[in-house]
Amino acid sequence: LTVRMVKELVALVEGCNLEGVESMLTKVEDATIVAERMVQCQALFRRMGKPTHVMIEYHYTNSEHIESIRSHGLLTVEDRIAKGIYMERKALPFGNGIYTGNNPFAFQSYGEVGLLVAVLKGKAYRVRGQGNYAQPFQVRPGMDTVVGNQHSDAPFHNEESVLQASAQVLPLAKFDPQLLDTPASAYYLLALHEQIQHQILDVYFNGSVKTSVPRRLIDRGITTIPRNQNYYESVASLVQSSNTAASNNIQKKERSRVIRY
């Protein structure tokens with residue numbers, strides 16, 4: 001099942017035809033090991049009576065780390081040290097762990113490459129305030145995820161999760177953050193987010209229970225789509241337009257090859 005899930009996910013991402021988006025699971029053997037790690041973690045959480053829901057969040061990194069992430073997944077500091085992998089240490093307001101955000105706009109300063117990642121939060125608790133850079137942050141015993149917000153106590157924007165184990169995170173796809181600069185490509189990315197959530201994660205991890213993706217996920221004042229217009233029809237229209245443009249570009253390239261030959 002894990003191999004099938006990986007192959008279906010790769011096909012879904014590669015089939016989106018959105019420039020700047022690539023699957024992170026192209027090394028099928030390594031990807032299967034990383035995905036199986038999450039499967040086993042979910043099974044452990046289930047036996048322990050912990051929450052087992054899997055959902056998509058976002059992570060930013062730099063391009064030089066992509067191949068390592070493809071091979072090993074995102075790793076905690078302890079796991080990186082154990083594997084001899086060096087990455088620059090950043091300030092950690094909510095302690096050690098793997099940081100992800102539920103808003104693709106909020107944390108772009110942390111890297112030049114964006115990742116869609118599956119997260120298994122398990123038992124989580126919310127921290128109020130900005131965190132403390134001056135002294136080590138102590139995670140409550142028995143907790144799997146810290147949820148914090150450095151900028152406000154609002155429950156959505158700038159919310160970040162700090163997952164305590166590498167097995168709680170599965171990299172799915174990488175994207176160019178410039179996609180967020182235009183309404184059509186930003187909504188296309190959200191449409192891909194929803195497709196992966198509903199067609200892959202909900203099927204293989206969540207017992208086919210459909211996960212609701214917050215409409216405020218893209219909340220940066222993008223007003224191209226009228227507020228009273230059906231959201232899904234709008235996204236479908238944007239995706240269709242993008243697919244048509246991509247198809248036209250492919251046809252032009254094919255014609256140019258014929259002319260050259």
Side-chain angles (χ1 to χ4, degrees), residues 24 33-46 48 50-62 64-66 68-111 113-174 201 205:
M24 285 296 292
I33 293 173
V34 176
E36 183 62 26
R37 191 168 67 191
M38 176 172 277
V39 170
Q40 296 299 323
C41 184
Q42 187 187 46
L44 175 62
F45 283 3
R46 185 176 292 114
M48 297 175 70
K50 295 182 177 184
T52 60
H53 189 78
V54 175
M55 61 186 292
I56 291 177
E57 291 201 342
Y58 294 83
H59 177 88
Y60 281 93
T61 187
N62 292 320
E64 63 263 28
H65 303 317
I66 291 299
S68 175
I69 294 172
R70 277 199 168 110
S71 298
H72 305 288
L74 286 163
L75 301 174
T76 61
V77 172
E78 293 79 9
D79 287 346
R80 291 204 304 268
I81 292 173
K83 291 181 179 294
I85 299 172
Y86 171 79
M87 289 186 184
E88 181 183 359
R89 294 287 297 273
K90 295 183 173 68
L92 302 173
F94 302 114
N96 287 331
I98 300 170
Y99 281 66
T100 64
N102 65 351
N103 188 322
F105 295 108
F107 302 101
Q108 294 183 56
S109 62
Y110 285 85
V113 180
L115 301 179
L116 283 84
V117 299
V119 298
L120 170 62
K121 294 185 181 181
K123 195 171 183 180
Y125 74 105
R126 186 177 298 278
V127 177
R128 298 176 65 88
Q130 298 184 0
N132 191 337
Y133 292 91
Q135 53 185 313
F137 182 90
Q138 299 297 322
V139 178
R140 291 180 187 174
M143 294 294 171
D144 307 298
T145 302
V146 178
V147 179
N149 191 322
Q150 298 181 57
H151 302 281
S152 74
D153 289 328
F156 189 82
H157 191 73
N158 293 323
E159 184 174 282
E160 53 192 323
S161 301
V162 187
L163 300 115
Q164 299 300 298
S166 304
Q168 292 175 253
V169 187
L170 173 62
L172 305 171
K174 76 180 185 76
L201 301 184
F205 287 102

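Dense packing is recorded around NZ of Lys50, with more than 12 heavy atoms of other residues, nucleotides or ligands lying under 6.0 Å away.
Looking at residues two or more places apart in sequence or on another chain, you find a side chain to side chain donor-acceptor pair (under 3.5 Å) between Gln40 and Glu36. The side chain to side chain donor-acceptor pair (under 3.5 Å) test applied to Gln42 returns no partner, not counting sequence neighbours. In this structure Ile33 satisfies the side-chain contact (heavy atoms from CB on, under 4.5 Å) test with no other residue, sequence neighbours excluded. Qualifying salt bridge (charged side-chain N to carboxylate O under 4.0 Å, His left out) partners for Glu57, counting only residues two or more places apart in sequence or in other chains: Lys121. Among residues two or more places apart in sequence or in another chain, the side chain to side chain donor-acceptor pair (under 3.5 Å) test is passed with His72 by none. Residues meeting the side chain to side chain donor-acceptor pair (under 3.5 Å) test with Arg37, sequence neighbours left out: none.
Separation of atoms NE2 (His53) and CG (Leu201) is listed at 8.5 Å; rounding is to 0.5 Å. Taking OG of Ser166 as the reference point, atom CD of Gln168 lies at 9.0 Å (rounded to 0.5 Å). The CE atom of Met48 lies 7.0 Å from the CG atom of Asp144; values are rounded to the nearest 0.5 Å. Taking OG1 of Thr145 as the start and CD1 of Ile98 as the end, the distance is 10.0 Å to the nearest 0.5 Å. Distance OG1/Thr61 to CD1/Ile69: 4.0 Å, rounded to 0.5 Å. From Cys41, atom SG reaches atom CG of Leu163 across 9.5 Å, with rounding to the nearest 0.5 Å.
Using a 4.5 Å heavy-atom threshold, the side chains of Lys123 and Gln164 count as separate. Proximity of Thr100 to Tyr58: side-chain heavy atoms (C-beta onward) are nowhere separated by under 4.5 Å. Counting only heavy atoms from C-beta outward, the side chains of Val146 and Tyr125 approach each other to under 4.5 Å. Val54 places none of its side-chain heavy atoms less than 4.5 Å from the side chain of Leu170.
Of the possible polar contacts, one joining the Asn103 side chain to the Phe105 backbone as a donor-acceptor pair under 3.5 Å is found.
Heavy atoms only, all atoms of each residue included: Val34 and Pro171 are closest at CG1-CD, 4.3 Å. Shortest non-hydrogen contact noted between Phe107 and Tyr60 is O-CD1, 3.2 Å. Residue Ser161 comes nearest to Val147 through the heavy atom pair OG-CG2, 4.2 Å, listed as atom of the first residue, atom of the second, then distance. The two residues His59 and Tyr99 come nearest to each other via the heavy atoms ND1-O, 2.7 Å.
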Trace of the side-chain contact (heavy atoms from CB on, under 4.5 Å) decision for Met24 with Ile66 = CA-CA 8 Å; Met24 285 296 292; Ile66 291 299; 4.1 Å; yes

